[in-house]
Amino acid sequence: MGVTLLGRLFYYEKMKIKISGKLNVYLLSSTFLLIISSCANPEKPNILFIMSDDHGYQAISVYHPDLIQTPNIDLIAKEGILYSKAFVTNSICAPSRAVILTGKYSHLNSVKGNSEVFDGKQQTLPKILRQNGYETAIVGKWHLKSKPTGFDYWNVLPGQGDYYNPDFINQEKDTVYKGYVTEIITKLSLNWLKNRDKRKPFFLMMHHKAPHRSWMPAIKNLQLFDNKEFPLPANFYDNYVGREGLQKQMLTVKDHMDIRMDFKVPCPECDTAVVNWWAPEEYWRRLNRLSPEERERWEESYKKEETEFREVKEDEERYHRWKFRRYMEDYLRCIVSVDESVGEVLDFLKENDLDKNTVVVYTSDQGFYLGEHGLFDKRFMYEEALRTPLMIRYPDKIRKGSVSDKLVLNLDIAPTILDIAGVDIPAEMQGASLQNTWNGATEWREAIYYHFYEKGWGVSPHYGIRTVRYKLIHFYDLIDSWELYDLQTDPNEMNNLFQQSGYAQIVEDLTNKLKELQIKYKDEEEL
Ligand SMILES: [Ca+2]
């Protein structure tokens with residue numbers, strides 16, 4: 001629009017120049033104003049999509065104020081819309097990223113599990129935006145094995161990436177950056193924003209590695225939360241009675257974390273007493289990325305943990321509580337840096353007069369267990385990993401302080417962003433535009449469909465349906481087991497009602513709806 005309008009104005013001016021000198025000056029100044037206004041307010045809004053990795057909603061203060069304060073992330077929700085029931089379709093890193101890029105379920109987008117390679121030839125959100133005049137970029141975690149496609153600029157971590165002095169790969173060369181990964185991702189994102197092609201609207205995916213396991217905080221934050229007690233979730237000591245899916249998993253805080261890699265205790269005997277055979281080597285590889293000065297501060301900071309470990313390790317209950325506290329300390333320290341990053345980019349938008357015309361999204365690739373059911377990690381369809389944080393700021397379009405309890409999905413992100421950009425949503429995309437949740441429309445889905453495929457850590461593949469009130473899960477492959485929960489009376493999902501009398505009709509209705517969703521989403525292989 002800008003170029004055509006300017007071309008016409010210059011032509012008009014040239015014709016009038018002969019008529020009057022005064023008129024000419026007037027036209028020049030008005031053209032100048034129009035140039036400024038057309039650059040500062042392009043028709044299409046910019047889109048800043050911020051995604052962290054494994055950030056449970058329980059660790060965002062606008063959702064849950066007890067664990068940590070995240071004022072900058074909260075601001076996006078306070079100035080926009082907060083989703084209290086946002087879910088993922090497959091709760092694990094690479095598959096969630098593929099869903100977001102394509103707007104399609106895992107069985108149709110080439111990535112069912114973390115080991116699969118993303119087919120970069122398929123249609124994706126950044127490709128469509130780029131075709132429609134957007135300048136596109138991704139910085140940070142990519143995790144899809146094939147090289148990014150559809151971006152004018154990409155600078156990403158190889159694989160999972162490292163927290164300290166990390167390697168990055170981009171379209172030109174590999175670079176090792178000095179510093180802490182969250183701060184580097186912020187800096188690279190801001191550099192791109194400063195140097196982008198300002199004639200076009202932008203789409204930037206800023207993808208943090210944090211707070212992914214093994215939760216290595218910025219050196220400056222290593223002593224945050226020292227001596228803070230974190231309340232244990234009500235179902236930390238879940239005994240898994242009646243729920244076979246949980247009985248075989250190896251993802252508990254008390255039994256399946258490594259003393260050195262996860263809890264950072266520098267004890268000499270820890271390399272032989274490990275849960276995961278790969279943990280000692282991986283611990284040293286990660287630690288060896290620190291400079292000698294950083295290493296010294298690291299070792300000094302974790303001395304206290306070794307003393308505590310020796311004090312509590314013979315007392316089972318104290319030891320379990322200590323493990324939970326150690327988990328929370330480092331996990332939340334990583335989130336402090338993510339929140340600082342969000343603050344920096346929001347400030348940048350404001351200082352550069354971009355805040356009014358930039359849509360900001362904050363989400364995570366999925367949720368995470370922070371001790372619920374005794375777990376860490378994700379994968380299961382139980383609420384804390386199925387849910388993900390989601391908030392959108394869109395000045396002038398979304399009323400400040402909105403809250404939506406509609407059942408929304410990461411599948412909806414691509415259609416939503418296309419809708420915001422004024423681009424047609426391809427029919428093959430399976431999600432819906434979230435504009436319908438903030439513009440007063442009443443039509444919305446009444447149930448969501450989930451399918452998890454991986455087999456590691458003792459978790460059996462499973463699929464299921466969640467409605468506003470109920471959740472039905474079918475574990476298959478390693479086990480064959482069904483679970484039913486009434487989320488209204490049992491929000492912690494402790495009581496499997498599947499075999500209980502009085503629920504046959506509910507099971508039948510949910511099974512029928514589940515089959516309908518499998519047909520709708522073309523995922524019929526498990527029927
Ligand atoms: Ca993840």
Side-chain angles (χ1 to χ4, degrees), residues 49-60 63 73 86-102 105-106 109 111-118 138-145 148 156-163 166 181-182 185 205-217 249 251 253 256-257 261-262 276 282 286 327 330-335 337-339 341-342 361-372 375-390 409-411 413 450-457 459 461:
F49 179 79
I50 309 170
M51 183 160 74
S52 48
D53 192 333
D54 295 356
H55 191 176
Y57 63 87
Q58 314 94 303
I60 295 180
Y63 281 112
I73 297 171
F87 304 99
V88 294
T89 61
N90 182 359
S91 184
I92 191 161
C93 309
S96 172
R97 288 154 203 275
V99 169
I100 287 167
L101 285 169
T102 61
Y105 268 90
S106 305
N109 70 27
V111 181
K112 287 181 175 177
N114 271 349
S115 58
E116 284 147 44
V117 181
F118 183 71
I138 180 164
V139 176
K141 182 130 178 212
W142 170 247
H143 200 217
L144 287 167
K145 295 192 189 305
V156 299
L157 296 160
Q160 292 282 7
D162 283 296
Y163 274 108
V181 71
T182 307
I185 290 168
M205 303 185 95
M206 183 170 94
H207 286 191
H208 282 300
K209 168 186 171 60
H212 192 276
R213 191 181 184 188
S214 55
W215 316 296
M216 298 172 107
Q249 52 72 26
L251 294 167
V253 176
H256 301 108
M257 283 185 171
M261 189 184 75
D262 295 313
N276 301 295
E282 191 50 26
R286 291 173 193 182
Y327 168 32
D330 284 338
Y331 182 83
L332 297 175
R333 286 166 181 164
C334 290
I335 289 168
S337 293
V338 173
D339 190 60
S341 165
V342 171
V361 181
Y362 185 86
T363 192
S364 169
D365 59 346
Q366 33 25 236
F368 215 65
Y369 298 105
L370 306 185
E372 298 86 1
L375 302 172
F376 64 98
D377 211 74
K378 52 257 182 178
R379 299 164 203 272
F380 284 111
M381 200 186 161
Y382 306 114
E383 211 64 356
E384 294 80 6
L386 176 66
R387 259 182 77 177
T388 195
L390 179 65
L409 286 164
N410 59 346
L411 192 72
I413 286 171
Y450 180 84
H451 196 159
F452 177 79
Y453 299 84
E454 276 209 5
K455 293 184 199 172
W457 316 98
V459 181

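Both ligands and their constituent atoms are indexed starting at 1 by order of listing.
Residues meeting the side-chain hydrogen bond (donor to acceptor under 3.5 Å, both in side chains) test with Tyr331, sequence neighbours left out: none. Every side chain to side chain contact (heavy atoms under 4.5 Å, CB included) that Lys455 has, sequence neighbours left out, goes to Pro461, Asp477, Leu478.
The atom name of the N/O/S atom in Asp365 closest to the Ca ion (ligand 1) is OD2. Taking the N/O/S atoms of Asp53 in turn, the shortest distance to the Ca ion (ligand 1) belongs to OD1. Asp54 contributes atom OD1 as its closest N/O/S atom to the Ca ion (ligand 1).
His212 lies apart from the Ca ion (ligand 1) in this respect, since none of its N, O or S atoms is found at a distance under 3.0 Å. At a cut-off of 3.0 Å, Gln366 coordinates the Ca ion (ligand 1) through an N, O or S atom.
For the pair Lys145 and Phe118, the cation-pi criterion (under 6.0 Å, within 45° of the ring axis) is not fulfilled.
Judged by distance alone, with hydrogens and angles left aside, the side-chain atoms of Asp365 form no donor-acceptor pair with the main-chain N or O of Arg97 at under 3.5 Å.
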For side-chain hydrogen bond (donor to acceptor under 3.5 Å, both in side chains), just list the numbers for Tyr163 and Ser214, CA-CA rounded to whole Å, side-chain angles, deciding distance to a tenth of an Å, and then say yes or no. CA-CA 9 Å; Tyr163 274 108; Ser214 55; over 6 Å; no
